[in-house]
2 protein chains.
Amino acid sequence: MANIQQVAEKAGVSAATVSRVLNNVSSVSSKTRLKVEHAIKELNYEPSMLGRNLRNSESRLLLVLIPSISNPFYTEIIKGIETIAIANHYNILLCATDSNAERDNIYFNMVKNKLADGIISMDPTINRQKLNELAEKHPIILCSEYEEGGSIPYVTIDHKLAAYHAVKHLIKLGNKKIALINSDETYLYARQRREGYERALQEFNLPIRKEWIYHTEHLEFEHGVHAMRRLLQVNERPTAVFAVSDTLAIGALKEINVNGLHVPNDIAVVGFDKITFSNMTNPTLTTVAQPMYKMGCTAANMLINRIKGNQVESIVLDHELVIRESTMG
Amino acid sequence: MANIQQVAEKAGVSAATVSRVLNNVSSVSSKTRLKVEHAIKELNYEPSMLGRNLRNSESRLLLVLIPSISNPFYTEIIKGIETIAIANHYNILLCATDSNAERDNIYFNMVKNKLADGIISMDPTINRQKLNELAEKHPIILCSEYEEGGSIPYVTIDHKLAAYHAVKHLIKLGNKKIALINSDETYLYARQRREGYERALQEFNLPIRKEWIYHTEHLEFEHGVHAMRRLLQVNERPTAVFAVSDTLAIGALKEINVNGLHVPNDIAVVGFDKITFSNMTNPTLTTVAQPMYKMGCTAANMLINRIKGNQVESIVLDHELVIRESTMG
DNA sequence: TTGAAAGCGCTAACAT
DNA sequence: ATGTTAGCGCTTTCAA
């Protein structure tokens, strides 16, 4: 693979001139430009990013941290990030941390090492303290997950309000016994969604009963099945369930079905996230949609701004309740 | 961020010695090593990959090309790739081409540019000619998708045999009218799976009827729904369906359900891929499992070998038929 | 065992 | 408008 020097020699100019042609910068006579372009073609030359990046001390690589690539929730967000990144001549490095602190370290080091210019983190299990330390010296944006009162800029939705809307929808349909399948409340979003659930119940003077609130350790399907199994054993069976993730909701759907009950006639179900599979279920799932693509775009724009040295403000985006068969069969 | 020179000064040694300590190479007296290590800690020094990579003319980045991140089929493969990559001090750059030729170009250029050391491609829609050209000068491995008689090493399963096993399973259950929901036969795997389907039918003297073979343009759920709708309108309704992807099969499941028919009593269904959601459906889906994690590991090992300059051979891995409720309710 | 020096490929400041 | 020069941070000869 030819280098800039060889192109320069072939074109009979200096390396600096070749560089100027490559970067369309300042003054190059059209005659010289032609010579250089010809030499580039001739030698099949491609500039080395390695040299360029070292010189400019940037990598034009953005790190995107997700807990696991198997979670479909992140798909659209990533598309958004990617679109904005590529438009700004950045590439993204998708990193599944699998909630593994060692992995985190590898990726943090990439930033310190100049192998990446910044981070968008969507991992709620990430080491907060290390992230905060890193954020003092390097551009970092939180997406979807964030820290209350933290100093790292974030983009998110109003989880409390979104949960409130979901539960209010169930109430409006006449449900009075509404269960909550929540995840681990060490996560901020889980706490906020419970608050929204409770706010809706209180507003309509409905009881908040402990037996109707179930916490799962993880968001996988099986945990939804298990949660629903328990809820069906409660003395006064709930007539509706709000699950804080679609995968949990789909698990609940399955378990209700297995028990010979009908959704939504016996039990209505609402999920959260509007993952692709949420309209492949039978019945299709009512769910809360986060503007994922937009969230990704926003996060990427914020990060790129940060890299440029600008100050950026956190942003809260709107959500949307998508009503489908699992509540309005 | 400190550089190697500053560490050297602080430790009272040369940059060369610091480099030796960093790379655990050749001879450094333990006394000097201690001094250097102390200085590194003191300055919070992290070596710049940019400098190192330029010098070594490698990036230790592996490109992984997939058609779209939203396809759950790739999840486990990627995990396998990632595991092997990290163990060998490589990072992976996950690239969704969205079957967009411009994207392909960006990624091809990264390799030419030395921003990546090699490519694992899982994109069946990729530009074959350009890929072949690139493969002459750079390490490339095909994973799952490959080219018959091509020169690029690949890892895959025997699609024909796998389809044969799936259909034979349906036949053994007593089905005589077996439909095929296939994807676009421009893809090699689609042609091979049809061949397997036909081989099984022939072996048991069952008719291969055109009306029972439906081709979809894409693999999404909706296309499965549509395909099944058509198959249900055929005069002699099939009693079993083999779909070449789980998403298509799940679509078929849904449509059968909507028409008040029962799976598997009225129609048995087999999918392909064993995606996570294939056991969240109702009934759970019988499907062909590819050893995805292993496939990813294998591909990564092959690529790394290639980068080292070794010759590598293509590999065909075993598949497995996972029997669930959609055929054995 | 260690240091000096060269150079990976590129760009930017300065000079002409 | 173009060339010269220096240097980004690192590793690797070669010499001591």
Side-chain angles (χ1 to χ4, degrees), chain A residues 1-40 43-61 89 109-117 137, chain B residues 1-40 43-61 89 109-117 137:
Chain A
M1 186 95 252
N3 64 21
I4 201 171
Q5 191 57 47
Q6 295 170 279
V7 175
E9 277 163 29
K10 176 137 235 157
V13 298
S14 73
T17 298
V18 176
S19 171
R20 287 193 264 259
V21 170
L22 289 171
N23 297 287
N24 300 310
V25 88
S26 68
S27 42
V28 182
S29 77
S30 55
K31 198 176 127 198
T32 315
R33 160 164 281 119
L34 241 53
K35 275 196 299 182
V36 172
E37 280 165 352
H38 190 255
I40 290 177
L43 293 173
N44 232 316
Y45 168 73
E46 299 274 351
S48 155
M49 288 300 162
L50 248 34
R52 178 175 288 173
N53 292 346
L54 174 59
R55 171 66 220 215
N56 298 342
S57 94
E58 63 174 11
S59 63
R60 300 208 80 85
L61 222 48
H89 307 289
N109 277 334
M110 288 187 69
V111 177
K112 292 190 194 166
N113 282 337
K114 296 265 156 212
L115 245 196
D117 293 344
K137 300 212 168 198
Chain B
M1 188 93 247
N3 63 21
I4 202 171
Q5 191 55 45
Q6 295 171 282
V7 174
E9 277 164 27
K10 176 136 234 157
V13 299
S14 74
T17 300
V18 178
S19 173
R20 288 187 187 108
V21 171
L22 288 172
N23 297 289
N24 301 310
V25 88
S26 69
S27 43
V28 182
S29 76
S30 56
K31 198 175 126 198
T32 316
R33 161 165 278 118
L34 241 52
K35 276 196 298 182
V36 171
E37 279 165 354
H38 189 254
I40 288 176
L43 293 174
N44 231 315
Y45 167 73
E46 299 275 352
S48 156
M49 288 299 161
L50 248 33
R52 177 175 289 172
N53 292 346
L54 174 60
R55 172 64 219 218
N56 297 341
S57 93
E58 64 174 10
S59 64
R60 300 208 80 83
L61 224 45
H89 306 289
N109 278 333
M110 288 186 68
V111 177
K112 293 190 195 166
N113 281 338
K114 296 266 157 211
L115 246 195
D117 293 343
K137 300 213 169 197

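Numbers restart at 1 for each chain; the letters A, B, ... are given by sequence-line order, proteins then strands.
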- Query: Does B:Arg52 have any salt bridge (charged side-chain N to carboxylate O under 4.0 Å, His left out) partners at least two apart in sequence or in another chain, and if so, which?
  - Reply: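 Per chain and number, B:Arg52 pairs via salt bridge (charged side-chain N to carboxylate O under 4.0 Å, His left out) with no residue.
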
- Please list, chain by chain and in numerical order, all residues satisfying salt bridge (charged side-chain N to carboxylate O under 4.0 Å, His left out) with B:Arg55, sequence neighbours excluded. none

- According to the side chain to side chain donor-acceptor pair (under 3.5 Å) rule, which pairs have a member within residues 1-14 of chain A, sequence neighbours left out? A:Ser14-A:Thr17

- With a 4.5 Å heavy-atom cut-off, do B:Leu115 and A:Asn53 have their side chains touching?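 Contact flag for B:Leu115/A:Asn53 side chains = yes.
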
- Residue pair B:Val36 / B:Ile40, side-chain heavy-atom distance below 4.5 Å: yes

Non-neighbouring partners of [X] that pass side chain to side chain donor-acceptor pair (under 3.5 Å), sequence neighbours left out:
| X | result |
| --- | --- |
| B:Ser48 | none |
| B:Glu37 | none |
| B:Asn113 | none |

- Query: What is the 5' to 3' range of DNA chain C, first to last nucleotide, that sits under 4.0 Å from any heavy atom of chain B?
  - Reply: C:dT1 to C:dG9

- Residues forming a side chain to side chain contact (heavy atoms under 4.5 Å, CB included) with A:Ile4, sequence neighbours excluded: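 Side chain to side chain contact (heavy atoms under 4.5 Å, CB included) list for A:Ile4, sorted by chain: A:Ala15, A:Val18, A:Ser19, A:Leu22, A:Tyr45.
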
- Message: So, using side chain to side chain contact (heavy atoms under 4.5 Å, CB included) as the criterion, who are the partners of B:Ser29 when residues are at least two apart?
- Response: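 Only B:Lys31, B:Thr32 meet the side chain to side chain contact (heavy atoms under 4.5 Å, CB included) criterion with B:Ser29.
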
- Message: How bent is the helix from C:dT1-D:dA16 to C:dT16-D:dA1, measuring the angle between the end axes built from five pairs each, rounded to 10°?
- Response: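 Both end axes considered, the difference amounts to 40°.
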
- Task: Quick one, give me the B/S/- string for nucleotides 8-16 of chain D, reading 5' to 3', where B means a protein heavy atom under 4.0 Å from the base and S means that only happens at the primed atoms, P, OP1 or OP2.
- Result: BBBBBB---

- Task: Could you tell me whether the phosphate oxygens of D:dT2, OP1 or OP2, come under 4.0 Å of any side-chain nitrogen or oxygen in A:Thr32?
- Result: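 Answer yes for this pair, as a side-chain N or O of A:Thr32 is under 4.0 Å from OP1 or OP2.
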
